[in-house]
Amino acid sequence: MFSSKPRARNCRPHESKRAPRKDKTAMRDRKPDTVIIPPHKYDLERLPFAKRLLELRPRECIWPINDGSPFLFCAAKTAGKYCQHHQSRAVAVHRIAKREK
């Protein structure tokens, strides 16, 4: 079972290191990692068919095509998350962001 003697520890409290403080100015100057994708002619064509998020069905494109109030999504038929057009745009943006790093 348990021994009656307490075990000695090897750590010394006076030698413990504190975590370095974060510089608040560095956090303020930090730019967000998001890439803003400009609207496309295809998005304007899809606007009459757009749906709100709660109205989307499975196998409909979930690409946002406006900037809010309320957010509208493409809703084109697809095999995955995005229709073919928006999938190609997402891959292109990913490549551009990767190249800039």
Side-chain angles (χ1 to χ4, degrees):
M1 273 324 267
F2 298 106
S3 66
S4 60
K5 287 185 174 181
R7 291 187 180 181
R9 295 186 178 183
N10 289 336
C11 70
R12 296 180 184 164
H14 63 277
E15 291 182 9
S16 65
K17 294 182 180 180
R18 288 185 178 177
R21 290 182 125 184
K22 292 183 180 179
D23 186 11
K24 292 181 181 179
T25 58
M27 294 301 285
R28 245 185 288 141
D29 296 336
R30 186 175 170 204
K31 294 180 181 177
D33 295 336
T34 58
V35 177
I36 297 174
I37 302 169
H40 194 268
K41 181 181 172 186
Y42 180 80
D43 295 340
L44 296 176
E45 292 171 1
R46 290 295 311 161
L47 203 52
F49 308 105
K51 295 181 179 180
R52 292 185 307 181
L53 184 61
L54 295 173
E55 298 168 344
L56 287 175
R57 301 264 184 223
R59 302 209 183 263
E60 288 182 337
C61 181
I62 61 170
W63 187 276
I65 60 173
N66 69 343
D67 57 357
S69 196
F71 281 105
L72 297 174
F73 297 85
C74 174
K77 298 294 178 193
T78 181
K81 284 183 168 183
Y82 305 117
C83 62
Q84 185 177 0
H85 174 79
H86 288 128
Q87 179 66 35
S88 64
R89 285 181 65 192
V91 170
V93 168
H94 178 70
R95 285 182 187 157
I96 291 168
K98 203 172 184 181
R99 200 176 334 142
E100 291 176 355
K101 287 184 180 181

Chemist: Please determine whether the number of non-hydrogen atoms from other residues, nucleotides or ligands lying under 6.0 Å from atom CD of Gln84 exceeds 12.
Modeler: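 Atom CD in Gln84 is not packed in, count stays at 12 or less.
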Chemist: What I'd like to find out is whether the side chain of Ile62 reaches to under 4.5 Å of the side chain of His86, using heavy atoms alone.
Modeler: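 No, every pair of side-chain atoms sits at 4.5 Å or beyond.
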Chemist: Side-chain heavy atoms under 4.5 angstrom apart, residues restricted to Ile, Leu, Val, Met, Phe, Trp, Tyr: same cluster for Leu53 and Phe49?
Modeler: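 Leu53 and Phe49: separate clusters.
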Chemist: Do you know which two heavy atoms are closest between Leu56 and Cys61, and how far apart they sit?
Modeler: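 Closest pair (atom of Leu56, atom of Cys61, distance): CD2-O, 4.0 Å.
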Chemist: Any ion pair linking Arg52 and Glu55 (charged N to carboxylate O, less than 4.0 Å)?
Modeler: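 Yes.
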Chemist: With a 4.5 Å heavy-atom cut-off, do Asn66 and Phe71 have their side chains touching?
Modeler: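 Yes, their side chains come closer than 4.5 Å.
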Chemist: Kindly compute the distance separating CZ (Arg89) from OH (Tyr42), expressed to the nearest 0.5 Å.
Modeler: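 Output value for this atom pair is 10.0 Å.
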Chemist: Just so I know, are the side chains of Arg46 and His85 near enough to count as touching, which here means a heavy-atom distance under 4.5 Å?
Modeler: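 Side chain of Arg46 against side chain of His85, heavy atoms only: no contact under 4.5 Å found.
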Chemist: So which heavy atom on Ala90 is nearest to which on Trp63, and how close?
Modeler: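 Nearest heavy atoms, Ala90 then Trp63: CB-CZ3, 3.8 Å.
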Chemist: Is there side-chain contact between Cys74 and Tyr82, with at least one heavy-atom pair below 4.5 Å?
Modeler: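 Heavy-atom side-chain distance check fails, nothing below 4.5 Å.
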Chemist: Quick one: pull up CD in Glu60 and OG1 in Thr78 and give me the separation to the nearest 0.5 Å.
Modeler: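 That separation rounds to 10.0 Å.
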Chemist: Any chain of hydrophobic side-chain contacts (each under 4.5 Å) joining Phe73 to Leu47?
Modeler: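 Result: yes, single cluster for both.
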